[in-house]
Amino acid sequence: MDSAEIRSRFLRFYADRGHQVVPSASLLLDDPTLLFVNAGMVPFKPYFLGEAPAPYPRATSVQKVVRTLDIEEVGRTTRHASFFQMAGNFSFGDYFKEEAIPFAWELLTKSVSDGGYGFPEEKLWATVYLDDDEAIDIWHKKVGLPLDRIQRRGQADNFWSMGVPGPCGPCSEIYYDRGPDHGRDGGPVADEDRYLEVWNLVFMQNIRGEGPGKEGYPIIGDLPAKNIDTGMGLERMAALLQGVDNIYEIDTTRGILDRAAELTGAKYGKDHKSDVALRVIADHARTCAFLIGDGVLPGNEGRGYVLRRLMRRVIRNMRILGAQDPTMGELIDATVLTMAPQYPELNDEANRIRQIAVAEEGVFIQTLKAGITIFDTAASKIRSSGGTTVSGEQAFTLHDTFGFPFDLTLEMAAEQGLEVDEVGFRSLMGQQRERAKADARERKSGLTTSTAYREILEHGGRTAFTGYSEVDSEATIIGLVSEGATIAVAAQGDHVEIILNRSPFYAESGGQLGDRGRIITNTGCVADVYDVQMPVAGLFVHRAEVKRGEFTQGLSVEAHVDIYRRRAISRAHTATHMIHRAFREELGDTATQMGSENAPGRLRFDFPSPKAISPTVMQTVEGKVNEMLLEDLAVTAQNMTQEQARKMGAMALFGEKYGDSVRVISVGDWAHELCGGTHAQRSGQLGVVTFLGEGSIGAGVRRIEALVGADAYQFLAKEHILVSRLTDMLKVPADQLPERIERTINSLKNAERDLDRVKAAQLTASLDDIIGIGEDIGAIRCWIFQAPTTIDAAQMRDLVMKAKGRNRPEIPVVMFGTLIADGKVSAIATANEKAVELGLGANQMLQAALACLDGRGGGKPDMAQGGGSNINGVDEAVAAVKALIATKAAN
RNA sequence: GGGGGUUUAGCUCAGUUGGUAGAGCGCUGCCUUUGCAAGGCAGAAGUCAGGAGUUCGAGUCUCCUAACCUCCA
């Protein structure tokens with residue numbers, strides 16, 4: 001049975017039993033505690049937490065999931081994977097254990113011809129939580145599982161929670177006995193390799209308190225509603241049903257693995273080392289494709305870094321297997337081929353994913369090249385100094401600073417007959433980890449602020465957003481927060497965060513800035529709102545300054561949005577959608593929005609592109625957008641299912657919200673896009689859209705900035721005035737300005753160069769005037785002079801060097817010059833080789849002089865410079881220098 | 001978020017304890033040469049990432065900012 005069939009049987013089974021089939025959510029959900037969706041229940045979290053009412057009592061899904069906690073284990077064991085799919089059924093206060101257990105049993109044991117998975121009943125075992133007799137009864141009496149195949153386990157194994165205070169509950173796991181060949185008798189308690197966990201049923205009924213880990217917390221109460229959350233690993237199920245040994249050999253993963261083998265000439269199953277490499281490649285390549293597909297770009301922090309690390313492990317392993325040329329593109333193609341039957345969107349995104357993966361491969365090859373050079377230099381140094389070991393510190397620097405993989409260091413060292421201090425390296429890595437962790441602990445204090453918001457949310461409920469249809473709303477204050485803590489009252493002059501039960505204010509999200517405006521009471525209290533944020537889902541926090549009166553919890557207020565600002569922002573937001581659409585028409589669907597900011601009259605739009613956007617494309621896109629403004633298209637908002645939105649061709653951004661109802665903004669029939677923001681009513685209201693420019697904000701990402709409406713007009717008007725002034729000044733038509741200015745700059749440059757030349761020539765010509773005719777003190781020819789104030793210290797230095805060079809090298813020559821400027825005196829001394837041989841260095845002369853000038857300075861025997869503040873000491877300094885020369889000349 | 005690193009000519013990079021900003025490749029011109037990533041001579045090209053400070057003097061030392069690379073969370 002192939003993976004696609006296992007998947008559709010699961011969904012069909014639960015759909016037939018009244019479950020809403022929910023498509024897999026994006027791997028990137030707006031959850032600050034999670035890098036990626038790491039369990040099937042994550043998209044449903046708000047329903048379990050009571051943050052939002054569940055739109056259906058029961059649901060089923062096959063959710064894509066990424067876990068990167070132990071990527072080191074991937075490929076070495078049979079069951080670790082960074083990407084997998086969780087099939088699950090969920091009940092939100094609807095059915096409970098009595099139905100969840102028989103459901104799972106029925107699907108597992110029903111015959112294949114009948115739509116089930118056809119497991120023999122006698123091979124299945126179950127575990128339950130210690131005192132969960134209820135579950136044992138259901139397993140034994142209702143399902144008919146013999147008591148000797150039901151085992152009790154403790155909190156660590158059979159009690160589920162999210163690791164933080166919140167819902168939790170006992171669970172029951174179903175195991176498949178692979179037979180005595182795979183291990184010893186005794187059920188899952190005895191051997192988890194022989195007895196393979198296939199399904200975990202969570203009975204979510206309690207509330208967990210504070211405490212660490214899987215066991216160190218108390219249970220502080222019962223949930224108001226009992227929920228069901230189950231998870232069946234699709235890959236593990238496929239491995240069993242396809243009779244293969246591990247999850248890398250099932251139909252989907254095997255396709256990628258075989259392609260990797262083909263590209264490198266490796267044979268799977270021949271030796272352990274290359275098998276591990278092939279499995280890592282197959283697993284990681286797929287994860288990369290899905291991450292990029294959901295909008296992650298390789299980077300050096302957060303999600304981007306995880307992606308980069310995975311990709312580099314793929315490339316590194318391909319090279320270990322012998323690949324010489326770039327292979328990322330082929331691996332991505334193979335992934336799309338095996339996974340698209342289940343995820344058709346991969347086909348649509350294939351080009352973009354490929355492009356990003358190939359670009360990152362190029363970056364890594366550069367990194368490797370640089371690293372190899374550095375390694376070779378270090379290695380030859382080690383050998384030339386008689387060493388035999390690459391120190392832990394050196395290996396760490398290669399890895400930490402230059403991104404050079406440690407295993408590659410080991411390999412290259414071995415080739416050159418060197419050892420590597422692995423213990424030292426590991427210890428340095430540990431230290432780095434400690435630093436980062438210590439820092440993370442420090443920062444934890446900042447997170448406590450969200451508890452105040454959560455409490456308000458719990459008692460007051462979510463803020464109802466009224467801003468799509470009105471800009472003035474009546475509301476009640478359900479919370480006041482200052483510096484992360486709830487306060488009772490905010491007085492005049494206070495900065496406070498006001499939380500309302502309903503609000504017309506838009507809270508910053510989707511790139512659209514929060515609204516500004518006022519919150520007032522009929523008793524004359526006024527607060528100016530300068531920003532609106534949503535720190536936890538569903539809670540609108542109005543950051544405000546109290547201008548008059550006092551605000552207290554429970555107060556009835558009126559909320560008024562600054563409509564001029566709102567309209568200017570809405571116009572910018574509509575413009576962003578249109579620009580997005582126009583870029584995709586021009587550059588293809590790889591030009592997907594990566595981020596944006598919609599401010600009053602102004603917008604930023606970021607999207608991936610391997611190179612700068614040409615002026616032609618910029619002009620075409622700008623022209624197209626403005627053309628559509630003239631069409632005066634109606635801008636409409638509609639709620640629909642994700643399926644309908646997809647059919648409509650709506651552009652979808654990553655990080656979409658859970659639930660299957662989405663809001664689609666349409667500009668005429670031209671641009672459709674998922675969006676929760678506010679918009680103009682017709683495209684004509686935008687007036688004008690003007691691009692300010694295009695630039696890079698990181699590897700492979702370009703940013704467009706543009707102005708909209710009155711701001712665009714003002715910008716254009718200003719520019720027009722500027723151009724008129726320029727044409728006026730230069731007396732040429734506007735279209736000849738660039739050439740004219742270029743010419744002017746060139747001739748100016750030439751003139752400056754000529755001037756420099758003339759000055760230099762003049763200086764050379766007047767060289768003798770400045771330095772005088774020189775004198776001989778003994779055998780030493782010397783020039784001692786005071787330079788005119790028309791030259792500066794640097795010129796004096798050039799002068800002296802030039803003058804020195806004019807002399808024949810066999811005569812000892814020294815020069816000493818002073819220059820008074822800005823109340824300070826600078827001095828320069830020089831000596832040729834012959835003079836230095838006589839023991840007369842430039843530095844010596846300088847030091848003799850500086851003593852009289854209250855100055856400091858230094859240099860080398862052939863040239864020295866310095867200065868001081870005593871301008872009256874010049875004569876004395878000259879005398880001292882002459883005296884020194886005389887002494888040396890006498891020797 | 002915390003470390004480490006980089007930023008100097010169009011490109012790739014040197015630059016010692018602070019003391020005249022360099023090399024190779026490329027470019028321009030001339031010469032030589034029948035071939036090729038040819039040879040010779042000459043030349044142009046730099047806000048030393050930006051800002052502040054220390055100093056007689058900063059590419060070099062200190063602080064701040066930015067961009068990029070990289071590791072860890």
Side-chain angles (χ1 to χ4, degrees), chain A residues 32-33 35 68-69 298-306 308-309 312 360 362-371 373-374 377 393-406 409 425-426 428-447 695-701 703 746 749-750 752-753 756-757 792-805 815 818-830 841-843 846-847 849-851 853-871 873 877:
Chain A
T33 63
L35 229 40
T68 53
L69 205 63
N300 47 19
E301 52 181 40
R303 293 163 170 167
Y305 181 60
V306 172
R308 169 166 287 172
R309 201 154 55 138
R312 293 192 167 186
E360 175 65 13
V363 171
F364 187 46
I365 289 169
Q366 280 306 113
T367 301
L368 285 179
K369 252 191 215 162
T373 313
I374 294 166
T377 324
E393 206 169 320
Q394 284 169 315
F396 180 73
T397 306
L398 271 166
H399 169 74
D400 181 69
T401 304
F402 303 106
F404 201 64
F406 180 65
T409 301
F425 172 81
R426 304 259 173 234
L428 285 166
M429 284 299 287
Q431 284 172 29
Q432 153 141 276
R433 256 180 221 119
E434 263 319 299
R435 268 200 304 274
K437 275 189 185 150
D439 173 70
R441 275 195 294 274
E442 290 270 309
R443 256 181 325 118
K444 272 276 163 61
S445 53
L447 281 178
S696 160
I697 56 162
V701 186
R703 168 169 292 172
N746 276 338
K749 241 179 163 176
N750 286 335
E752 275 174 353
R753 213 175 32 230
D756 278 348
R757 225 174 262 156
D792 63 23
Q795 284 171 317
M796 178 165 71
R797 188 187 57 212
D798 290 343
L799 203 83
V800 164
M801 299 312 287
K802 194 169 278 171
K804 185 175 76 166
M815 309 185 91
T818 54
L819 172 69
I820 295 171
D822 300 331
K824 286 193 253 182
V825 52
S826 29
I828 183 152
T830 180
N843 216 352
L846 186 74
Q847 294 307 332
L850 288 177
L853 299 171
D854 294 345
R856 298 194 337 193
K860 292 179 285 188
D862 66 319
M863 212 280 297
Q865 47 196 309
S869 50
N870 180 17
I871 56 175

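A, B, ... follow the sequence lines: proteins, then strands. Residue 1 opens every chain. Excluded from the calculations below are hydrogen atoms, water molecules and symmetry mates; all remaining heavy atoms, backbone and side chain alike, are included.
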Given atom [atom1] of [X] and atom [atom2] of [N], what is their separation to the nearest angstrom?
| X | N | atom1 | atom2 | value |
| --- | --- | --- | --- | --- |
| A/Ile374 | B/G4 | CD1 | C1' | 12 Å |
| A/Phe396 | B/U70 | CZ | P | 16 Å |
| A/Gln366 | B/U70 | CD | P | 11 Å |
| A/Lys369 | B/C69 | NZ | C1' | 16 Å |
| A/Arg797 | B/A58 | CZ | P | 11 Å |
| A/Asp798 | B/A21 | CG | C1' | 12 Å |
| A/Leu846 | B/U20 | CG | P | 13 Å |
| A/Met801 | B/A21 | CE | P | 10 Å |

Complementary nucleotide for [N] - Watson-Crick or wobble, under 3.5 Å:
| N | value |
| --- | --- |
| B/G29 | B/C41 |
| B/A9 | none |
| B/A52 | B/U62 |

Using the [atom1] atom on both, measure [N] against [M] and round to a whole Å.
| N | M | atom1 | value |
| --- | --- | --- | --- |
| B/A58 | B/A73 | C1' | 38 Å |
| B/C69 | B/G26 | C1' | 25 Å |
| B/C63 | B/G5 | P | 12 Å |
| B/C64 | B/U17 | C1' | 27 Å |
| B/C36 | B/A44 | C1' | 28 Å |
| B/A42 | B/U55 | C1' | 40 Å |
| B/G43 | B/U70 | P | 41 Å |
| B/U7 | B/U60 | P | 12 Å |

Confirm from the modelled atom types if A/Asp400 and B/G3 form a donor-acceptor pair under 3.5 Å, side chain to base only.
-> yes

[X], nearest nucleotide to its side chain (from [options]):
| X | options | value |
| --- | --- | --- |
| A/His399 | B/G19, B/G3, B/C71 | B/C71 |
| A/Arg309 | B/U20, B/A73, B/C71 | B/A73 |
| A/Gln432 | B/G2, B/G5, B/C69 | B/G2 |
| A/Thr367 | B/C71, B/A73, B/U70 | B/U70 |
| A/Met863 | B/A21, B/C71, B/G19 | B/G19 |
| A/Arg312 | B/C71, B/U20, B/G5 | B/C71 |

For the atom pair [atom1] ([X]) and [atom2] ([Y]), what is the distance rounded to the nearest 0.5 Å?
| X | Y | atom1 | atom2 | result |
| --- | --- | --- | --- | --- |
| A/Ile374 | A/Thr397 | CD1 | OG1 | 9.5 Å |
| A/Gln865 | A/Lys860 | CD | NZ | 10.0 Å |
| A/Phe406 | A/Met429 | CZ | CE | 9.5 Å |
| A/Leu819 | A/Arg797 | CG | CZ | 12.5 Å |
| A/Glu393 | A/Leu398 | CD | CG | 11.5 Å |
| A/Met801 | A/Asp862 | CE | CG | 6.0 Å |

Side-chain N or O of [X] less than 4.0 angstrom from OP1 or OP2 on [N]?
| X | N | result |
| --- | --- | --- |
| A/Thr401 | B/C69 | no |
| A/Arg433 | B/A73 | yes |
| A/Arg308 | B/U70 | yes |

Indicate yes or no for a side-chain donor-acceptor contact from A/Ser869 to the backbone of A/Lys824 under 3.5 Å, with no hydrogens or angles considered.
-> no

Report yes or no: does A/Gln795 contribute a side-chain atom to a donor-acceptor pair with the main-chain N or O of A/Asp792 at less than 3.5 Å?
-> yes

Pick base, sugar-phosphate or nothing for A/Gly859, based on heavy-atom distances below 4.0 Å to the nucleic acid.
-> base

Give me the ring orientation class for A/His399 and A/Phe425: parallel if the planes are under 30° apart, tilted from 30 to 60°, perpendicular past 60°.
-> perpendicular

Considering heavy-atom distances to RNA chain B, does A/Asp862 or A/Phe364 have its closest nucleotide positioned more toward the 5' end?
-> A/Asp862

Nearest-nucleotide wise, let me know which of A/Lys860 and A/Phe404 is further upstream toward the 5' end of RNA chain B.
-> A/Lys860

Restricting both atoms to N or O, compile the protein contacts to nucleotides 54-57 of chain B shorter than 3.5 Å, with distance only.
from  : atom 1 : to       : atom 2 : distance (Å)
B/C56 : N1     : A/Arg856 : O      : 3.3
B/C56 : N3     : A/Arg856 : O      : 3.1
B/C56 : N4     : A/Gly857 : N      : 3.1

When every non-hydrogen atom of A/Leu846 is compared with those of A/Gly858, the smallest separation belongs to CD2-N, 3.6 Å

Closest contact, heavy atoms only, A/Thr367 versus A/Gly403 = CG2-O, 3.9 Å

Is the shortest heavy-atom distance from the side chain of A/Thr818 to the side chain of A/Met796 under 4.5 Å?
-> no

Nucleotide N/O of nucleotides 9-16 of chain B paired with protein N/O under 3.5 Å:
none

